[in-house]
Amino acid sequence: MARAHSSLKTILRQNPNFLTQFRSLSTAKDGIDKPTNHQWKITEVAREVSRITRTKPRWEQSLLSDFPNFDFLNPDFFNEYLHTDTNAFLSLRLFQWLLNQNGFVPNSSSCNLLFDALVEANASNAAKWVLANVNFEPHSDSLESFVQCLCENGSIDDAIDVLRKMLGSNFCPSLVTWNSVLSGLLKVGRIDVLFELYGEMMEFGVVADEETVECLIRGFCSRGTPDKGYEILRQVIDNGLVPRNIAFNKLISAYCGNGYFFKVPDFLHMMIAKNLSPDEYTYQEVIHGLCKNRKNREALRVFSNLKERGYAPDIVMYSTMIDGLCKMKWFGEARKLWFEMIQKGFRPNEYTYNALIRGYCTIGDLKEAKRLHEEMCDRGYGRNTVSCNIMIAGFCQHGNIKEAFHMFNEMPKKGIAHDAITYNTLIQGLCAREKLTESTKLLGKLVEFGLQPTASSYISLVKKLCQVGQLDKAKVLWTEMHTRGMEPPDWTRDLIIAGLCQHGYVEEGMKWLDGMLNCLLRPQKRTLEMLIQCLSQANKFDDAFLLFILMSKMGYVPCTHICHYLAHKFGRQNAYQKEIQS
DNA sequence: GTAGGGTTAG
């Protein structure tokens with residue numbers, strides 16, 4: 001400000017007329033004051049229009065009258081305009097205005113300039129509009145930048161369209177463009193397309209670099225086939241290509257998810273050998289992977305080892321570890337870490353709070369859980385659906401439905417949104433207390449409020465309805481799950497068959513079993529046993545016998561009391577044994 | 001590029 005001020009003074013000293021000029025400039029109708037018979041020069045108009053578009057908000061209304069007799073349709077004008085100091089968006093606006101003047105046909109040079117400027121300004125949608133509405137052939141360089149720009153903005157489908165067109169006309173883009181498409185695909189999780197395009201890239205003879213390899217490895221990991229990622233990694237490393245840490249970290253994470261922890265040291269050694277040092281993400285993946293697989297003891301060991309070696313865990317690692325400990329009910333250890341963390345100067349964040357609150361809920365200390373939740377809210381982490389869900393689950397687990405509902409009702413008042421899990425948790429809590437009407441009502445509300453129900457929205461209800469013999473309702477809900485496009489877990493069919501058996505509908509139970517077998521689903525052992533028992537009680541020994549055979553063929557060993565029971569009925573135990581062996 | 005809530009019962 002001070003500098004602007006002093007420069008204004010300088011200007012005034014050097015040019016006493018400045019203020020009057022300035023005033024006339026800003027108060028003039030449009031700053032244009034030329035006789036109607038004036039012969040306009042294109043450069044002159046371009047410069048003027050550039051100024052006007054920059055300074056006058058609604059220039060469209062008066063541009064024609066500002067330059068009477070000037071031929072705006074002359075494509076050279078727009079071309080000239082683009083060479084003035086203006087920005088891409090203003091150019092686009094003028095361009096659209098020109099297109100609205102009948103008969104304007106831009107030349108290809110200005111189309112290219114405009115397109116490039118828009119891409120440069122990262123305005124992929126505007127560039128896309130130009131491409132779709134104007135007949136011109138962008139340069140291949142421009143198209144490549146366009147593809148990269150689309151990828152960065154997440155418009156991956158558009159990027160692929162353009163790429164396909166390029167490939168269709170037998171033009172192969174540069175490696176940079178290929179890489180940006182691959183990583184764009186990775187970002188939106190379209191792994192299959194990623195590999196498909198990589199195949200085409202190979203066909204065109206493009207040679208991959210570290211970035212390509214990174215995309216492939218991450219692709220294999222998120223597809224659940226880290227072995228292939230590992231294979232590629234070993235190949236390229238032998239050829240001297242070393243991808244960034246993230247490739248190793250994702251491999252570690254994927255192998256931890258598989259339970260193949262013994263691979264982890266391999267990766268760590270590879271990294272160190274290639275001068276990459278394992279970073280915070282690396283160790284996070286290890287600890288998180290171990291926790292996910294309930295190897296919490298291992299996780300804690302790694303965590304402590306790191307500390308002993310002088311590595312300072314960050315807040316994420318503390319949160320992950322505390323969460324893991326709470327989940328394995330090592331609540332004392334979790335609390336110890338909590339205080340250690342605070343002592344090291346970390347303030348718990350919403351993740352850490354949630355982990356410990358859930359810990360208090362699991363050990364049944366709801367008083368302390370509530371206190372911590374309040375503290376968390378006071379510290380500004382209050383607007384948080386997850387922590388409310390955890391509290392609601394805690395209340396439900398310990399039979400305090402009233403308090404659970406209170407929290408549920410308070411949420412919207414505090415501006416905290418309910419989500420499907422909030423409902424699911426309550427539905428489950430109500431089911432546990434056999435409050436099926438209320439629970440069903442909540443399921444209705446979940447849908448009514450536009451939330452997407454999930455399988456768990458239904459499962460606890462279906463289960464309880466089966467148990468109490470309201471099988472028609474259970475079946476209706478089960479069908480509803482299907483029509484809503486959710487694939488209920490296989491064992492929900494087991495639940496229904498069990499319910500049918502227990503309430504005297506063996507025949508129908510058999511039909512459901514048939515349905516399961518037709519879908520190649522494996523019924524549970526106890527489902528078959530229950531059916532056998534009910535069939536026998538109804539004197540349907542043929543069916544019971546068939547199921548007995550089926551059971552053995554499925555590799556289930558029928559429990560002895562079923563064997564004895566059937567054998568006794570038939571008095572032909574040896575025959576069964578032979579049948580099973582055949 | 002990181003961590004969180006629900007999902008048979010043993």
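Heavy-atom basis, side chains included; hydrogens, waters and symmetry copies ignored. Numbered from 1 within each chain, the chains take letters A, B, ... in sequence-line order. If you're wondering where the values come from, they're calculated on a predicted model, not measured in any experiment.
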What side-chain hydrogen bond (donor to acceptor under 3.5 Å, both in side chains) pairs are there with at least one residue in residues 513-523 of chain A, not counting sequence neighbours? A/R522-A/Y556
Test of understanding: with ring pair (Phe, Tyr, Trp, His ring centres under 6.0 Å), list the residues that count as partners of A/Y198, not counting sequence neighbours. none
State plainly whether the residues A/D494 and A/R526 are in salt-bridge range, i.e. N to O under 4.0 Å. no
Gap between atoms CD and C1', on A/E211 and B/dG1 respectively (whole Å): 14 Å
For A/T320, answer base if it contacts any base atom (sugar-phosphate contacts may also be present), sugar-phosphate if it contacts only those atoms, and nothing otherwise; contact means non-hydrogen atoms under 4.0 Å. sugar-phosphate
Can you check whether any acceptor in the base of B/dA3 is under 3.5 Å from a donor in the side chain of A/N354, or vice versa? no
When all nucleic acid strands are considered with a 4.0 Å heavy-atom cut-off, which category describes A/N349: base, sugar-phosphate, or nothing? base
Once side chain to side chain donor-acceptor pair (under 3.5 Å) is applied, do any residues pair with A/K370, and if so which ones, sequence neighbours excluded? A/E403
How is A/D314 classified with respect to the nucleic acid when contacts are heavy atoms under 4.0 Å: base, sugar-phosphate, or nothing? nothing
Can you list, pair by pair, the side-chain donor-acceptor contacts under 3.5 Å of residues 230-239 of chain A, counting residues two or more places apart and other chains?
residue, atom, partner, partner atom, Å
A/Y230, OH, A/D266, OD2, 3.2
A/N239, ND2, A/Q235, O, 3.4

Quick one: side-chain contact (heavy atoms from CB on, under 4.5 Å) partners of A/V557, sequence neighbours excluded? none
Reading 5' to 3' through nucleotides 5-10 of chain B, protein heavy-atom contacts under 4.0 Å coded B for base, S for sugar-phosphate only, - for none: BBSBS-
Consider only side-chain N and O atoms of A/R379 and A/Y353, and report whether a donor and an acceptor are under 3.5 Å apart. yes
A/H482: what forms a ring pair (Phe, Tyr, Trp, His ring centres under 6.0 Å) with it, not counting sequence neighbours? A/W478
Heavy-atom contacts under 4.0 Å between residues 275-291 of chain A and DNA chain B, which residues? A/D279, A/Y281, A/Q284, A/H288
Distance in angstrom units between A/N249 CG and B/dT2 P, rounded: 12 Å
The criterion is ring pair (Phe, Tyr, Trp, His ring centres under 6.0 Å); which residues satisfy it with A/F220, sequence neighbours excluded? A/F195
Rounded to whole angstrom units, what separation is found between the CZ atom of A/R244 and the P atom of B/dG1? 8 Å
Here the distance between atom C1' of B/dG4 and atom CH2 of A/W338, to the nearest Å, is 13 Å
